[in-house]
Number of protein chains: 2
Amino acid sequence: MVNIKDIANKVGLSVSTVSKALNDYSDINSETKKKVREAAKQLDYLPNVMARSLITKTSNTIGVFFGDQINSGFDHPFFSQLICSIKNTIGLAGYDLLIFSNQKRDTSSFKSICYERGVDGVILILTGHRRTDDKILELHNSLPVVYIDSVPNSDYKNVCFVESDNEKAAYDATEHLIKLGHRKILKVAGDNIAKASFDRISGYKRALQEHNIPVNKQLIQYGNFSKDQSYKVVQSSIKNKIDFDAVFASSDLMAFGAIEALKNLNIKVPDDIAVVGFDDIDMAKLYQPALTTMHQQSYRMGEIASQILLENIKNKDDVVRNAKLPAKLVARDSSG
Amino acid sequence: MVNIKDIANKVGLSVSTVSKALNDYSDINSETKKKVREAAKQLDYLPNVMARSLITKTSNTIGVFFGDQINSGFDHPFFSQLICSIKNTIGLAGYDLLIFSNQKRDTSSFKSICYERGVDGVILILTGHRRTDDKILELHNSLPVVYIDSVPNSDYKNVCFVESDNEKAAYDATEHLIKLGHRKILKVAGDNIAKASFDRISGYKRALQEHNIPVNKQLIQYGNFSKDQSYKVVQSSIKNKIDFDAVFASSDLMAFGAIEALKNLNIKVPDDIAVVGFDDIDMAKLYQPALTTMHQQSYRMGEIASQILLENIKNKDDVVRNAKLPAKLVARDSSG
DNA sequence: CTGAAAGCGCTTACAG
DNA sequence: CTGAAAGCGCTTACAG
């Protein structure tokens with residue numbers, strides 16, 4: 001492959017001058033620049049980013065950690081939209097996207113992985129990630145970091161993150177059902193790990209309390225963000241004669257699982273039992289009955305997270321920027 | 001940051017010996033290796049991949065070009081499953097995934113982009129990509145390449161690719177409708193660019209011909225792989241009194257668009273008009289009526305493409321390996 | 001088994 | 001405005 005030295009030889013200049021000409025330094029004669037660029041073109045010169053990064057310590061690459069221990073995988077609509085918007089947003093700013101997929105390396109340290117790869121910043125999507133905080137925390141002091149839909153348990157006051165306002169959204173969803181006359185609302189929650197999952201339970205509880213409805217622990221079940229698990233949980237709730245007149249699931253997929261379970265037991269949705277989901281994936285509006293759900297601005301979340309990251313990379317500062325995006329109720333048929 | 005020299009100083013050995021010890025060269029004393037590794041650990045040493053790649057010319061990175069000029073974007077279920085399986089497959093082999101997202105660079109040469117980034121191989125997902133072949137072809141001689149769901153117009157005999165057997169699948173889908181008694185089948189095709197789109201038209205035509213049904217050009221319309229466009233095309237076909245008793249859409253989304261158009265015109269699916277889609281995205285089975293469609297093995301496609309690529313990287317050969325995956329008919333309610 | 005030296009392809013003070 | 005030199009952090013013949 002042609003390198004900078006070949007150009008230097010061809011035009012009869014030094015390597016340093018060629019480098020500066022190529023990088024448009026102001027102290028280089030414009031004639032010289034022209035000559036160098038032409039030679040570069042003729043020789044089909046391609047810069048070697050590795051060599052450059054080795055010196056400049058920047059790579060124009062954003063890394064993404066995706067923890068898919070959770071049931072909702074990389075190809076779940078919520079996450080694929082996130083990736084899609086990150087890709088587009090950082091792409092416009094001149095960055096490529098590195099997804100840390102290598103399973104063979106020692107994953108005990110996020111910091112070392114980032115350092116090895118020389119990424120300029122990292123986006124962490126660790127929803128439901130079982131990992132001791134300190135393996136992640138050391139990252140915070142070494143390079144710009146933004147979390148989406150997840151934050152570490154400790155130190156989260158000092159870290160950038162973007163998420164839906166899950167507590168408020170769950171409150172709104174629950175209140176929607178209460179206003180429709182329901183008082184025995186089965187909460188099909190996510191898991192025991194994800195912050196989003198906890199917040200959605202909190203919002204549910206607050207809505208009940210503010211409407212003077214006692215919280216019944218029996219009515220809080222875990223569907224593990226999985227359609228099948230939700231199906232089972234709802235089915236067994238019915239079989240165990242647990243009394244409820246509505247379901248609020250923490251994801252649309254779980255809402256579908258719930259509706260299927262009810263259908264198979266000849267219980268009509270929404271006539272007998274109303275159902276509300278969370279996410280508003282594409283399927284929600286096509287489903288029969290069309291699903292009432294909380295619309296998460298997933299594309300926008302990826303966009304904002306990327307912008308925060310790029311901002312912090314550019315300014316080399318540690319400004320803690322957060323964003324909590326409202327999730328809007330989309331009332332369709334499943335809640336009546 | 002700690003480098004190899006710091007370790008050398010600490011243990012009182014040369015840089016070369018430390019490097020070899022760290023890389024487990026066989027001609028290094030095992031005691032020495034132990035000592036070096038301990039020191040590396042104590043000092044929190046992290047290798048610099050940039051420096052290594054500069055010499056070894058390998059980066060353990062697979063690049064992915066995604067051409068999203070087409071309506072089905074990066075977050076379309078088919079493509080997100082592809083990415084998901086590529087990520088998992090190359091991850092197990094010790095590779096990271098670089099998605100070329102940078103919009104700021106000169107995109108006239110795929111080769112230069114790959115060279116700059118030093119990827120070890122490339123997966124091209126260029127469905128419906130408008131691009132003169134020669135900008136891509138120069139890639140073929142420079143590094144291992146695999147196409148998914150797309151091939152260049154020329155030189156495609158010499159290139160690795162993985163795709164569904166679209167012609168056969170379209171044949172089967174059409175035959176399914178013919179066997180149900182339909183003879184006036186409206187083909188809602190994709191676009192004028194994608195090979196997959198052409199092949200699905202070919203299969204449709206062949207099925208008609210082999211069943212002695214003349215091909216009616218009026219019955220071939222373009223939905224541009226978009227739900228909305230398909231809606232319009234079907235709506236105007238009805239309004240223009242084009243006579244058809246079934247629809248075969250080249251994607252599930254277009255099938256949904258077709259069904260919605262029919263529903264809004266009070267035409268019943270499948271009683272009045274049968275509809276068959278293509279892809280079998282998650283939504284297909286949840287849709288009402290559940291969609292009859294051709295199941296594409298998208299996850300498997302990404303897997304096979306990755307394996308071919310890794311194979312060619314390992315062997316440093318140019319063996320042309322291809323895979324055509326069968327797409328199976330999934331008969332549900334929309335075809336009756 | 002270990003080490004000195006060259007070099008991967010670039011950038012960046014510094015001198016002129 | 002241009003160039004010689006040092007160096008980024010590593011690997012790899014080669015000599016001993």
Side-chain angles (χ1 to χ4, degrees), chain A residues 1-37 39-40 43-61 105 111-120 142, chain B residues 1-37 39-40 43-61 105 111-120 142:
Chain A
M1 273 293 174
V2 176
N3 61 31
I4 222 171
K5 205 173 163 186
D6 298 321
I7 301 178
N9 286 149
K10 170 151 184 167
V11 296
L13 285 166
S14 74
V15 164
S16 1
T17 305
V18 170
S19 170
K20 283 183 196 158
L22 253 19
N23 289 307
D24 209 21
Y25 273 51
S26 58
D27 60 348
I28 299 289
N29 186 308
S30 57
E31 280 301 308
T32 308
K33 283 183 188 171
K34 211 169 160 186
K35 206 162 52 176
V36 169
R37 279 183 200 138
L43 293 174
D44 253 330
Y45 168 72
L46 305 171
N48 183 317
V49 170
M50 303 287 177
R52 180 183 293 154
S53 299
L54 190 55
I55 300 170
T56 61
K57 308 287 179 202
T58 76
S59 61
N60 284 303
T61 311
R105 79 180 125 221
K111 182 179 166 186
S112 77
I113 297 174
C114 290
Y115 178 74
E116 274 191 28
R117 284 289 170 181
V119 295
D120 297 338
S142 30
Chain B
M1 273 294 172
V2 177
N3 61 28
I4 222 172
K5 204 172 164 186
D6 298 322
I7 301 178
N9 285 149
K10 170 151 184 168
V11 296
L13 286 165
S14 75
V15 164
S16 359
T17 304
V18 170
S19 170
K20 284 183 196 159
L22 253 20
N23 289 307
D24 208 21
Y25 273 48
S26 57
D27 62 348
I28 299 288
N29 186 307
S30 58
E31 279 302 307
T32 308
K33 282 184 189 171
K34 210 168 158 186
K35 205 161 56 175
V36 169
R37 280 184 200 138
L43 293 173
D44 253 331
Y45 167 72
L46 305 170
N48 183 317
V49 171
M50 301 288 177
R52 179 183 294 155
S53 299
L54 190 56
I55 299 171
T56 62
K57 307 288 179 201
T58 77
S59 61
N60 285 303
T61 310
R105 78 181 127 219
K111 182 179 165 187
S112 76
I113 296 174
C114 290
Y115 178 75
E116 274 191 28
R117 282 291 171 179
V119 296
D120 297 338
S142 29

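Values in this document were obtained by computation on a predicted structure and should not be read as measured data. Letters go in sequence order (proteins before strands), and every chain restarts at 1.
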Relative to the 5' end of DNA chain D, which residue comes earlier, B/M50 or B/D27, by the nucleotide with the nearest heavy atom?
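Looking at DNA chain D, the more 5' nearest nucleotide goes with B/M50.
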
Scan every strand shown for a Watson-Crick or G-U wobble partner of D/dA4, both distances under 3.5 Å, and answer none if you come up empty.
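Its partner: none found.
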
Tell me which nucleotide, if any, is Watson-Crick or G-U wobble paired with D/dA13 when both distances must be under 3.5 Å.
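Looking at the geometry, D/dA13 pairs with no nucleotide.
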
Donor-acceptor pair, distance only, cut-off 3.5 Å: does the side chain of [X] make one with the backbone of [Y]?
| X | Y | result |
| --- | --- | --- |
| A/N3 | A/D6 | yes |
| A/K33 | A/Y25 | yes |
| A/S59 | A/G118 | yes |

Hey, does B/N23 have a side-chain heavy atom less than 4.5 Å from the side chain of B/R52?
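Yes, side chains in contact.
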
Whether the A/R117 and B/T61 side chains hold a donor-acceptor pair (N or O, under 3.5 Å, no angle test) is what I'd like checked.
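Their side chains do contain a donor-acceptor pair, which is all the 3.5 Å distance test asks for.
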
On DNA chain C, does the nearest nucleotide to A/I4 precede the nearest nucleotide to B/S26 from the 5' side, or the other way round? Give the residue.
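In this pair, the answer is B/S26.
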
If you pin B/S16 and B/A51 to their nearest nucleotides in DNA chain C, which one's is more 5'?
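The residue whose closest nucleotide sits nearer the 5' end is B/S16.
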
Name the first nucleotide and the last nucleotide along DNA chain C (5' to 3') that come under 4.0 Å of a heavy atom in chain A.
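The protein-touched segment is C/dG9 to C/dC14.
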
Drop me the distance from A/I7's CD1 to A/S19's OG, to the nearest 0.5 angstrom.
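Going from CD1 on A/I7 over to OG on A/S19, the span is 10.0 Å.
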
Touch check for [X], heavy atoms < 4.0 angstrom, all strands: base, sugar-phosphate only, or nothing?
| X | answer |
| --- | --- |
| A/L46 | sugar-phosphate |
| B/S53 | nothing |
| A/K5 | nothing |
| A/V49 | nothing |

